[in-house]
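A short worksheet on the structure shown next.
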Amino acid sequence: MLKDTKSKEIFEHACEVMPGGVNSPVRAYRAVGLTPRFIDHARGSKIYDVDGNEYIDYIGSWGPMILGHARREVVDAVCRAAERGTSYGAPTLAEVELAEMIIEAVPCADMVRLVNSGTEAVMSAVRAARGYTGRELIVKFEGCYHGHSDGLLVKAGSGLLTENVPDSAGVPAAFAASTLTANYNDEDSVRDIFEACGNKIAALIVEPVAANMGVVPPKLGFLQFLRKITRDYGTVLIFDEVITGFRLSYGGASQYYGVTPDMATLGKIIGGGMPLAAYCGKKEIMSMVSPTGPVYQAGTLSGNPAAVAAGLATLKLLKANPSVYAAIDQKGAGLADALTTAIEKYHIPATLNRVGSLLSVFFTDQTVETYADVTTTDLELFKRYFAKMLDQGIYIAPSQFEAVFVGAEHSDADLAATKKAINKAMMELSAEGL
Ligand SMILES: Cc1ncc(COP(=O)(O)O)c(C=O)c1O
């Protein structure tokens, strides 16, 4: 077993001063019954804990670190920006440059507003859509996560699934009442809602690839169907690309699947690991946002210079190296093959989903296309698999309902070590009994 003495000590104290010892619930490792590793530093594809253990990191800060940790160009850009002042509360040229890069990349983006987190981006996009349409209802999908704002914590995927909390306490029923939920990949469930009240629906929001109930790709034609039905009813279609943006392709899932929504939300990669997110969309919708329009939204630290510098450096690197996308896709495919081979070889009741550099192994013997399929997974088996991977120095999310994030810095040696670890973990699971 890898040593975790120092992590344990810190965690014990952390639990006295922070709820659950963490600042975001899934970090607490409760679903896997272990002590979270307290991180000392990270570089490239590796992350190091306070006990001196080295791990190959497939969490990548839950998505942002597509280029690996402490990338020289990004760190230098942040340092240079910070030297000039960490916050001005006034506009800068760099913000305009970042907005231009986003507009150039993201198909629906005529205009952009920078904010500090994915939660804020989604909350603000929904408000803009409501202001634009003059309607109140929104539609989301069961198992999709869009941050922790009140109206979106309904059937909201990963963190809540991991913690086994169906919905959050503290959300007024009236807030949740304006959120309708449909089933991901189930056109009929969407059609039923629109037939019942389509002309009252301001926005439909979707993760174009669901990645917060584990990775569940859209069925062929599903996104096109959403595009059509929202257009028919005058509803704003929002792609939540906080995970998929600049990951599935430089233009995100929208470019990858060739479907252009009315708005998109971005986060994670566009901040290069710093707190930065954005919402963007068609000019007529974005013009509704304050100060040009009546939809109020603001932020003391929005467009923070150090965060913008990290985001710009990251996007510039991605733009200059378009082959990164084929490379991470290939690495993802290699891992997926290794998992599938081990699953078959050791007769593990598991199945694999992958889109590009996002993948999930689900411990169930059925294919996973919907949220209902996700709920058939064997969480005990995941827990055992997780412990075996962690102990071999492979750092994956401590939850069945999160993605494995493959990045540009994962080397052939990392992948070979990971494949070996997968084989060993699956072999042991099988030998110990399923
Ligand atoms: C698809 C999606 N939307 C929104 C969010 C919320 O982003 P943040 O955690 O930055 O608030 C997340 C976070 O994981 C996400 O995956």
Side-chain angles (χ1 to χ4, degrees), residues 22-28 58-66 106 113-127 129 138 140-163 168 179 181 184 203-218 223 226 237-248 252-254 256 261 263-280 297 299 301-302 304 307 310-311 314 355-360 371 374 397-399 401-405:
V22 291
N23 283 312
S24 196
V26 184
R27 295 180 197 171
Y58 289 101
I59 300 181
S61 186
W62 308 90
M65 310 320 298
I66 190 168
V106 178
R113 171 62 61 89
L114 301 182
V115 293
N116 304 300
S117 69
T119 296
E120 215 185 322
V122 172
M123 181 185 81
S124 309
V126 166
R127 186 180 301 150
I138 60 167
K140 77 176 284 293
F141 291 94
E142 220 174 350
C144 284
Y145 178 63
H146 303 291
H148 60 90
S149 68
D150 282 344
L152 289 154
L153 275 184
V154 181
K155 314 266 188 210
S158 59
L160 296 143
L161 286 171
T162 306
E163 294 298 301
S168 172
T179 305
T181 51
Y184 188 79
L204 180 147
I205 184 160
V206 65
E207 287 182 75
V209 173
N212 281 290
M213 49 173 154
V215 175
V216 183
L223 297 176
L226 296 181
L237 177 62
I238 307 173
F239 276 5
D240 182 348
E241 296 230 36
V242 167
I243 284 183
T244 53
F246 292 92
R247 174 168 285 279
L248 290 192
S254 177
Y256 188 86
M263 298 186 84
T265 51
L266 299 159
K268 304 200 189 255
I269 290 174
I270 66 159
M274 296 284 280
L276 190 146
Y279 61 105
C280 56
Q297 185 270 309
L301 294 175
S302 294
N304 173 269
T314 302
V355 182
S357 59
L358 295 170
L359 57 114
S360 286
Y371 173 74
V374 170
S399 162
F401 309 110
E402 304 282 354
V404 166
F405 293 92

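These numbers come from a predicted model, not from an experiment. Both counts, for ligands and for their atoms, begin at 1 and track the order of listing.
Under the 4.0 angstrom criterion for non-hydrogen atoms, K268 is in contact with ligand 1. In this structure, Y145 counts as a contact residue of ligand 1, since one of its heavy atoms falls inside 4.0 Å of the ligand.
Listed by number with element, the atoms of ligand 1 under 4.0 Å from a non-hydrogen atom of S117 are 10 (O), 11 (O). Set against the non-hydrogen atoms of H146, the atoms of ligand 1 under 4.0 Å away are 3 (N), 4 (C). Ligand 1 places these atoms under 4.0 Å from at least one heavy atom of G147: 4 (C), 5 (C), 6 (C). Atom numbering of ligand 1 starts at 1 in the shown order; those under 4.0 Å from a heavy atom of I243 are 16 (O).
Residues F141 and L204 form a side-chain contact, since some pair of their non-hydrogen atoms from C-beta on lies under 4.5 Å apart. Proximity of V106 to F246: side-chain heavy atoms (C-beta onward) are separated by under 4.5 Å at one or more points. In this structure, T244 and V355 have side chains that are not in contact, with every pair of non-hydrogen atoms separated by 4.5 Å or more. No side-chain heavy atom of I238 sits under 4.5 Å from any side-chain heavy atom of P261.
For atom 11 (O) of ligand 1, the closest non-hydrogen atom of the protein is T119 OG1, 2.6 Å. Ranking the protein heavy atoms by distance from atom 3 (N) of ligand 1 puts D240 OD2, 2.6 Å first. Scanning the protein for heavy atoms near atom 16 (O) of ligand 1, the closest one is N212 ND2, 3.0 Å.
Looking at E207 against ligand 1, only its side chain comes within 4.0 Å, counting heavy atoms.
Residue G118 has at least one N or O atom closer than 3.5 Å to an N or O atom of ligand 1.
Atom OG1 of T181 is separated from atom CD of E142 by 5.5 Å, given to the nearest 0.5 angstrom. Taking CG from L152 and OG from S168, the interatomic distance works out to 12.0 Å, rounded to the nearest 0.5 Å.
Atom 9 (O) of ligand 1 is not flagged as protein-proximal [any protein heavy atom, distance under 4.0 Å].
Using modelled atom types and a 3.5 Å distance limit, the side chains of R113 and Q297 yield a donor-acceptor pair.
In this structure, T119 contributes its side chain and H148 its backbone to a donor-acceptor pair below 3.5 Å.
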